[in-house]
Amino acid sequence: MLRSLGPTAVNPERSVESVPCTRCQLRELPQFESLLPTEVALIASLRRAQIERPAGASLVNEGLSDSPLYTLYAGWAFRFKTLTDGRRQILNFLLPGDFIGLQRRMTDAAAHGVEALTLVRLCSFERDALWTIHREAPALGFDITWLAAHEELAVDENLLTVGRRNAMERVAALLIELYKRAAALLPPDSDGVPFPLTQQHIADALGLSLVQTNRSLRKLERLGLHRVADGRLHLRDVKALARIADVYGDGRPASRPLI
């Protein structure tokens, strides 16, 4: 069983020894599209130091106008919005390679918050990096547009899940999505994938109560479709899960740009 969400400490960022863009381990993965050496050099010139933040740290604050730009290099995070009484809706989960802060650069203030789900390492960028990229490397500018459009599609899928799928269908769809995304970052023969979510995270992402979340997870596990142990998710029958979730295709994420 997944543990419930407990309080987390929010500590200041910590600078770490930066990995040069030319030796970025993410760029070696087939999940990410290759760039020209000149494009990698431009990204490196715009990047500031890599930083680490602990689990529970706020990476982007809702409503603030000075939120930064990041590429998530390692660890997991999530985007969320809250109501005045503290109720939270998780919009989507962020994995290594995801670009953080794009919406803020297109508007006057951050329309959502971003919180570290685990210890994260981030590549931070100058505030005017987007404009420099569009001006000096139009192909990279198109990549940023692609990332924005891809995130919109993900939000559309989440809206379908919350609006039309029942509790067990929602959980099944989320398990498949996160498993496929995490597996794309690992060797093919990996034993499961990291799964740092609590039941509260799942409930907040799917618009469910903790009771509904727990019941759905246990039912899917009793059916022999998945297992969560030692912080890792194992899918035992992806096709059966896909039928329950009404998800079509192989579920593998499309190859994508990396900024």
Side-chain angles (χ1 to χ4, degrees), residues 2 25-34 71-79 90-100 114 117-118 120 143 146-162 164-199 201-208 213 216-217 219-221 223-259:
L2 299 178
Q25 294 181 357
L26 292 179
R27 297 193 185 279
E28 299 174 0
L29 298 174
Q31 171 66 16
F32 299 106
E33 298 172 356
S34 59
T71 289
L72 182 56
Y73 183 72
W76 289 40
F78 60 88
R79 295 194 309 119
I90 291 179
L91 304 174
N92 68 318
F93 294 97
L94 304 169
L95 274 64
D98 285 339
F99 198 49
I100 300 172
V114 179
L117 184 58
T118 67
V120 297
D143 286 345
W146 187 96
L147 290 172
H150 182 73
E151 188 160 296
E152 183 178 352
L153 289 175
V155 172
D156 289 348
E157 183 64 26
N158 290 346
L159 180 59
L160 172 64
T161 292
V162 173
R164 292 301 176 186
R165 291 185 170 107
N166 63 36
M168 195 161 72
E169 291 169 344
R170 295 182 200 185
V171 173
L174 181 66
L175 293 178
I176 292 172
E177 176 206 350
L178 292 179
Y179 184 91
K180 295 291 188 179
R181 289 177 60 195
L185 304 172
L186 299 174
D189 57 350
S190 297
D191 182 22
V193 301
F195 196 71
L197 279 64
T198 66
Q199 288 190 13
H201 291 123
I202 295 172
D204 288 351
L206 300 178
L208 299 173
T213 301
S216 298
L217 285 166
K219 186 171 183 179
L220 291 170
E221 187 170 17
L223 291 172
L225 305 184
H226 86 288
R227 178 173 63 91
V228 176
D230 299 323
R232 297 186 75 83
L233 170 64
H234 306 264
L235 295 192
R236 293 172 168 172
D237 192 335
V238 178
K239 291 183 178 179
L241 268 177
R243 286 195 296 270
I244 290 173
D246 197 16
V247 173
Y248 298 96
D250 60 16
R252 288 181 296 182
S255 62
R256 56 182 298 169
L258 176 64
I259 302 300

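Hydrogens, waters and symmetry mates play no part in the numbers below; they use all other heavy atoms, side chains included. Everything numeric here is computed off the predicted structure, so don't read it as measured data.
Here the closest heavy-atom approach between residue L26 and residue P96 is recorded as CD2-CB, 4.0 Å. Counting all heavy atoms, side chain and backbone alike, H201 lies closest to F93 at O-CZ, 4.0 Å. Pairing each heavy atom of L147 with each of R256, the nearest pair is CD2-NH2, 3.3 Å. Across P196 and T118, no two heavy atoms sit closer than the pair CB-CG2, 3.5 Å. For the residue pair I259 and T71, the shortest heavy atom distance occurs at O-OG1, 2.5 Å. In this structure, L175 and L233 approach most closely via the heavy-atom pair O-CD2, 3.8 Å.
For the atom pair I90 CD1 and D204 CG, the distance stands at 5.0 Å (nearest 0.5 Å). Between L241 atom CG and L174 atom CG the span is 11.0 Å, to the nearest 0.5 Å. Within the model, atoms CE of M168 and CG of L223 stand 6.5 Å from one another, a figure rounded to the nearest 0.5 Å. Note: R227 CZ to L235 CG = 11.0 Å, rounded to the nearest 0.5 Å. We find the CD-CG distance between E169 and L220 to be 10.5 Å, quoted to the nearest 0.5 Å.
Side-chain contact between L258 and L29: absent, with no pair of heavy atoms (C-beta onward) separated by less than 4.5 Å. Annotation: side chain of I202 is in contact with side chain of L217 (closest heavy-atom distance under 4.5 Å). You'll find the side chain of F32 reaches within 4.5 Å of the side chain of L185, heavy atoms only. Residues Q31 and S255 are not in side-chain contact: their nearest non-hydrogen atoms beyond the backbone lie 4.5 Å or more apart. Looking at heavy atoms from C-beta onward, H234 lies out of side-chain contact with F195 at the 4.5 angstrom threshold. Two residues are said to be in side-chain contact when any heavy atoms from C-beta on lie closer than 4.5 Å; L197 and W76 meet this criterion. Residues R165 and V247 are in side-chain contact: their nearest non-hydrogen atoms beyond the backbone lie under 4.5 Å apart. Put simply, the side chain of P194 reaches to within 4.5 Å of the side chain of L186, judged on heavy atoms.
For D98 and R79, the salt-bridge test fails: no basic side-chain N is under 4.0 Å from an acidic carboxylate O. Residues E221 and R236 are not paired through a salt bridge, judged by the lack of any N-O separation under 4.0 Å between the basic side chain and the carboxylate.
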Checklist entry - Do V120 and L94 pass the side-chain contact (heavy atoms from CB on, under 4.5 Å) test, and can you show the C-alpha distance, the side-chain angles, and the key distance before you say yes or no? => result CA-CA 11 Å; V120 297; L94 304 169; over 6 Å; no
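Heavy-atom contacts from other residues, nucleotides or ligands closer than 6.0 Å to CG of D230 number 12 or fewer. Counted within 6.0 Å of CD on E33, heavy atoms from surrounding residues, nucleotides or ligands total more than 12; the atom is thus considered enclosed.
A donor-acceptor pair is defined here as one N or O able to donate and one able to accept, closer than 3.5 Å; no such pair exists between the side chain of R181 and the backbone of P253. For T161 (side chain) and R170 (main-chain N/O), no donor-acceptor pair under 3.5 Å exists by modelled atom type.
Applying the side-chain hydrogen bond (donor to acceptor under 3.5 Å, both in side chains) criterion to D246, with sequence neighbours excluded, gives Y248.
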